[in-house]
Amino acid sequence: MTYAHETRRRRTFAIISHPDAGKTTLTEKLLLFSGAIQIAGSVKARKASRHATSDWMEIEKQRGISVASSVMQMLYREHVINLLDTPGHKDFSEDTYRVLTAVDSALMVIDAANGVEAQTRRLIEVCRQRDTPIITFVNKMDREVRDPLDILDEVERELGMPCVPMTWPVGQGKSFGGIVNLRTQAMTVFDSGSERLPQDFETISLTEQAQLAERFGLEWQTAMDSMELATGASPAFDEEAFLAGKQTPVFFGSGVNNFGVMEVLDALVDLAPAPRPRTSNLLVNKQPVVKEIQPEDSAFSGVVFKVQANMDANHRDRIAFVRMASGKYTPGMKLKVQRTAKELRPTSVVTFLSQRREAVDEAYAGDIIGFTTHGGVQLGDTITDGANLQFTGLPFFAPELFMTVILKNPLRTKQLQTGLDQLGEEGAIQVFKPEIGGPMLLGAVGQLQFEVVQHRLKAEYDCDVRLEGCQYTGARWITADTPAELREFTNAYPQRMSLDAAGTLAYLCTSPYDVRLAQERFPKIHFHPLREHAGLALGSAG
């Protein structure tokens, strides 16, 4: 039994960018154009009753930013498109990194005035490590922006790969006339307004040179000259190079005005890859054997890349987001969590349009499905319909900021424990429990994570907490070649030992020298700045 026909229809991609480049707005427009939503919400209008579909958490609505990645599924041109909107804010980069392990391609949004910004660089790095194909959208062309040739030059430098223009802007800011589509050899004329649909824009064939020159004057001539330079200096689009993450097709437009977005949606169908094979470690006689799992295989397998608690405040539920790697899901299937060998009995399984959910009748490799669970599932878990295999590669980074949790009302200890367990499993923050007792420690990549967790503990678990600074500045996960060596080390540093949410042993440090000194004293202990999913290889020793 093969599901090749269904898997080839799937496109699963993440939208990545620096905060404020227009990522969530573009997400809205893609949903609008595919017919998935009838009316696009504005992200910025905080008091507006209509918030962006993809920003559902209370704190996101208050601040006008995305703090949790959201998943949306839509149908366009007979293709099933799974779109993952990621948080742009650097304090939530861990969530974004994990999302990037669940997609087959990425759509990078760049603000045409600012070019490639810091957070985009970091995300590009993750895409590069995984050779993820990247489509580039240069946004906000209706504002005063940089020269398109400059932007291409910067993207090439930062990405370390050539750009292939697919559309080209005519003018910018107040004199923005539209874009030339190099694939269809026609110009789409710009008209501002957020309610316009693709069919509302006028299109003129490039064979009408005289008409275009007369209508757009100097802007047209300048655009033609720079387009000639750009296409002359760029390689032709090469599908193989793009799929290997070695070149990026570039599109220009204005998301807020619905302009240039259709071209991106078409490119996702025409150029972006269908689900690809994934490597798994098959356990044979307790020895890992590497095997490539094909998306069209009949056996069900998938990876939990995100766990979100309390998406629906009325139900206090938790949803495990699973990226399907192979097979077909049908309701009532018997599934197993590989880490614990326990049967997974989801009470409901859904696909998403942000917070709106729909029950799943069937899903295939590439789809993102949500299992409602009541614990027992962690980030990075492999779920199968029985086959013994384990997917790798879901990263946890050693936190650089630490706070101690002090509960204001000691009678809420149980609620605090539940809240921290769930938020830790969800990956919203890293929770460390000191081995010798004492208050729990929270570890974060960015300060804003602490604020969100404090807010959520109060709103979702009715726990009022105070966060206080502590002496720790870092953590390293530790492993040893033998249990005796590990015991000797933990006996030497009892006050530094703690367990994270997955029960993995970590060494807490107060300065970078701590690790160096401990390493010199115990050369057979391995210190890891990166932890892959529990029960699997940790990152390289650091």
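Rounding to the nearest 0.5 Å gives a distance of 4.5 Å between NZ of Lys408 and CG of Asp464. Atom OH of Tyr461 sits about 11.0 Å away from atom CG of Leu416, to the nearest 0.5 Å. Here the CZ atom belonging to Arg128 is positioned 7.0 Å from the CG atom belonging to Leu159, to the nearest 0.5 angstrom. The line from CD1 of Ile429 to CG of Leu420 is 9.0 Å long, rounded to the nearest 0.5 Å. Considering CG of Leu457 and CD of Gln422, their distance stands at 10.5 Å, rounded to 0.5 Å. The structure places CG of Leu84 at 12.0 Å from CG of Leu107, a figure rounded to the nearest 0.5 Å.
For Lys433, the NZ atom is loosely surrounded, since the number of other residues' heavy atoms within 6.0 Å does not exceed 12. Taking a 6.0 Å sphere around NZ of Lys414, one finds it holds 12 or fewer heavy atoms contributed by other residues, nucleotides or ligands.
For Glu435, the salt bridge (charged side-chain N to carboxylate O under 4.0 Å, His left out) test picks out no residue, with sequence neighbours left out. Looking at residues two or more places apart in sequence or on another chain, you find no salt bridge (charged side-chain N to carboxylate O under 4.0 Å, His left out) involving Glu488. Looking at residues two or more places apart in sequence or on another chain, you find a side chain to side chain contact (heavy atoms under 4.5 Å, CB included) between Glu6 and Arg9, Arg10, Tyr364.
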Would you check, one step at a time, whether the test salt bridge (charged side-chain N to carboxylate O under 4.0 Å, His left out) holds for Arg466 with Glu468? CA-CA 6 Å; Arg466 200 171 66 245; Glu468 292 184 354; 2.8 Å; yes

Output, in order, the C-alpha distance, side-chain angles, deciding distance and verdict of ring pair (Phe, Tyr, Trp, His ring centres under 6.0 Å) for Phe489 and Phe527. CA-CA 12 Å; Phe489 179 75; Phe527 296 83; 5.8 Å; yes

Might you work through the salt bridge (charged side-chain N to carboxylate O under 4.0 Å, His left out) test for Arg412 and Asp462, ending with a clear yes or no? CA-CA 8 Å; Arg412 309 293 297 166; Asp462 196 17; 3.3 Å; yes

Applying salt bridge (charged side-chain N to carboxylate O under 4.0 Å, His left out) to Arg278 and Glu292, what does each step give before you reach the verdict? CA-CA 6 Å; Arg278 293 182 81 112; Glu292 204 161 73; over 6 Å; no

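Ala244 and Asp131 make their closest contact through O-CB, 3.7 Å (heavy atoms, listed as atom of the first residue, atom of the second, distance). The nearest pair of heavy atoms linking Met161 to Thr248 is SD-N, 3.9 Å. The two residues Thr413 and Leu407 have their closest heavy-atom pair at N-CD2, 3.4 Å. Closest approach of Phe137 and Leu26 over heavy atoms only: CD2-CD2, 3.7 Å.
Using a distance-only test at 3.5 Å, with no hydrogens or angles considered, no donor-acceptor pair links the side chain of Arg339 to the main chain of Thr382. Between the side chain of Thr504 and the backbone N or O of Asp500 there is no donor-acceptor pair closer than 3.5 Å.
Here the two rings, on Phe402 and Phe450, have centers that are 6.0 Å apart or farther.
There is a side-chain donor-acceptor pair under 3.5 Å between Ser301 and Ser326. Side-chain contact, Asp111 with Asn139: no donor N or O sits under 3.5 Å from an acceptor N or O.
In this structure, Tyr507 and Tyr493 have perpendicular ring planes: the angle between them is above 60°, well past the 30° mark.
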